[in-house]
Asks: 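One structure is given below, represented as structure tokens, and several questions about it will come after.
Each chain gets a letter, A, B and so on, in the order its sequence line appears, and its residues count up from 1.
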Number of protein chains: 2
Amino acid sequence: MTSSATAARKVKSAGRSGQRASKNAARIRDVSLDLFAQKSFSAVTIKEIGQATGLNTAMIYYYFDDKEDLFRDTVETAVQRTMEAFEARRPADGDPEAVIANWLETHVEQLELIRKFVKISVDYASSATRVARIDDAIKRFYEGEHDILAAAMSEASKGRFSAAEIDRMIELFSTYLDGVMVRSVIDPDFDAKAAVHSLRNYALGLMHAEDLDEGSPRLR
Amino acid sequence: MTSSATAARKVKSAGRSGQRASKNAARIRDVSLDLFAQKSFSAVTIKEIGQATGLNTAMIYYYFDDKEDLFRDTVETAVQRTMEAFEARRPADGDPEAVIANWLETHVEQLELIRKFVKISVDYASSATRVARIDDAIKRFYEGEHDILAAAMSEASKGRFSAAEIDRMIELFSTYLDGVMVRSVIDPDFDAKAAVHSLRNYALGLMHAEDLDEGSPRLR
DNA sequence: GTCTATAGTCGGATAGAC
DNA sequence: GTCTATCCGACTATAGAC
């Protein structure tokens, strides 16, 4: 990963929107997401991506500047798809509890996708190179999660919880969800769906609690 | 990572015990743990390890068969050190709540070490190659955690919780702890210590709960 | 847009002198 | 035990024909 911040796109396919996406580019994107999630940046070879897509290796350089550019595109794609999946199943009415449940159900429905995203984020975070657009994409995911949940929890609890309390609860949920994702990477037998549902029940139960100091055991 | 299950040790340094450890081997081990935790198996180069240890690259092959052998040794070392750290602070008397608190405090005290272990496990789990001794080491960690907590929780709750209920609680704790570790990899500002302490309070509170069906929100 | 061929580089691993 | 020199393979990336 060489850091050339000024990597001008070689060809069309207009950034992250605009998507004149030549079907081939889409194939490369899909395959890259799978491979980068499975095997770490340096373990994935361009030849491998070529084989998996059925495209000549040179074609990859036709659509992307270099391996890093492709990696960046992959991360951005993963975040975008997750948020789209959430929006696609967002209920029409504004029921805040439904919004919370929806975010968690998105994790069940898009388990594969989010697992890939978390896995790639871990790899990237512990690599030496920083790429602004990748940092932004990762931030977009976690801040998106925060904003969705904060708005819903604030509305659902109608002032019973302070903003600070809500922030702490969200950090907790978010941490647990990350745990679910890694754990299902490490242990194939792990029941991620059940783990997310536990959290959903807990979260919805919390929304009905009078306040956070009832004395019964609670994460905080 | 080529899989040669029958990799006979080239030189002495007797497995994982016996430790006639030639100081150099120890240096290599330490540096490797850092690097493999930072950079994924294939991103770490032997030359890099040489530079970081101040040893000639050929020396690494004097002490270890090949890169994979060194990696395996690294994982085994991490697990062993974690368990040793836990045992070192284990209280003399058999108070079960102190045992639970001790396991969690070990995570605070040895945050770096366990974070490295989890990071390496994630990398390894999602690589193609399986190495029996690495699988065993990872299993040893999670089963060790399970056994420590199961015994303590069983004793602390004196039959109020069934074995199945205890297993579910442990899976939950364990998942959350994994979440804490990844999150502190992804986000350097994450307060891992506070997150572990939240869990400790929650866990000890649970041990004092009459049963698991009090109606108040609880993860299960 | 697609493919072949290849330049250029780097990393793992060993042989063998000291 | 330690170091130099080096072989071999693999990978990124490009030039250029079609």
Asks: Write out a two-atom table: protein N or O, nucleotide N or O from nucleotides 10-12 of chain D, distance below 3.5 Å.
Replies:
unit_1 : atom_1 : unit_2  : atom_2 : d
D:dT12 : OP1    : A:Val44 : O      : 3.3
D:dT12 : OP1    : A:Ile46 : N      : 3.4
D:dT12 : OP1    : A:Lys67 : NZ     : 3.2
D:dT12 : OP2    : A:Ile46 : N      : 2.9

Asks: For A:Tyr63 and C:dT2, is the shortest distance between a side-chain N/O and OP1 or OP2 below 4.0 Å?
Replies: yes
Asks: Roughly, in whole Å, what's the span from CD1 in B:Ile60 to P in D:dT2?
Replies: 12 Å
Asks: Residues in side chain to side chain donor-acceptor pair (under 3.5 Å) with B:Glu143, at least two apart?
Replies: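 Partners of B:Glu143 by the side chain to side chain donor-acceptor pair (under 3.5 Å) criterion come out as none, since no residue qualifies.
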Asks: According to side chain to side chain donor-acceptor pair (under 3.5 Å), does anything in residues 184-193 of chain A pair up with another residue at least two apart or in another chain? List the pairs.
Replies: A:Arg115-A:Ser184
Asks: When the distance from CG of B:Leu70 to P of C:dG11 is rounded to whole Å, what number comes out?
Replies: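 For the pair B:Leu70 CG and C:dG11 P, the rounded distance is 16 Å.
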Asks: Please report, rounded to the nearest Å, how far the P atom of C:dT4 is from the CG atom of A:Leu55.
Replies: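 So the CG-P distance, A:Leu55 to C:dT4, works out to 13 Å.
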Asks: For B:Gln51, enumerate each residue passing the side chain to side chain donor-acceptor pair (under 3.5 Å) test, keeping only those at least two apart in sequence or located in another chain.
Replies: none
Asks: Among the nucleotides D:dT2, C:dT14, C:dG1, which one has an atom lying closest to any side-chain atom of B:Met59?
Replies: D:dT2
Asks: Can you tell me the distance, in whole Å, between the CG atom of A:Asp65 and the P atom of D:dA13?
Replies: 10 Å
Asks: Taking only residues two or more places apart in sequence, or in another chain, which ones meet B:Arg89 in a side chain to side chain donor-acceptor pair (under 3.5 Å)?
Replies: B:Asn102, B:Glu109
Asks: Expressed in angstrom and rounded to an integer, what is the separation of B:Lys23 atom NZ from D:dT2 atom C1'?
Replies: 16 Å
Asks: Rounded to the Å, how far apart are A:Phe64 CZ and C:dT2 C1'?
Replies: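 Those two atoms, CZ and C1', are 16 Å apart.
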Asks: Roughly how many Å is it from OH in B:Tyr62 to P in D:dT2, rounded to a whole number?
Replies: 8 Å
Asks: Would you check if there is a donor-acceptor pair between the side chains of B:Ser174 and B:Glu145 at a distance under 3.5 Å?
Replies: yes
Asks: Output all residues satisfying side chain to side chain donor-acceptor pair (under 3.5 Å) with B:Asn56, sequence neighbours left out; order by chain, then residue number.
Replies: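 B:Asn56: no side chain to side chain donor-acceptor pair (under 3.5 Å) contacts found.
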Asks: Starting from P on C:dG1, measure out to CD1 on A:Ile28 and report it in whole angstrom.
Replies: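 A:Ile28 atom CD1 is separated from C:dG1 atom P by 11 Å.
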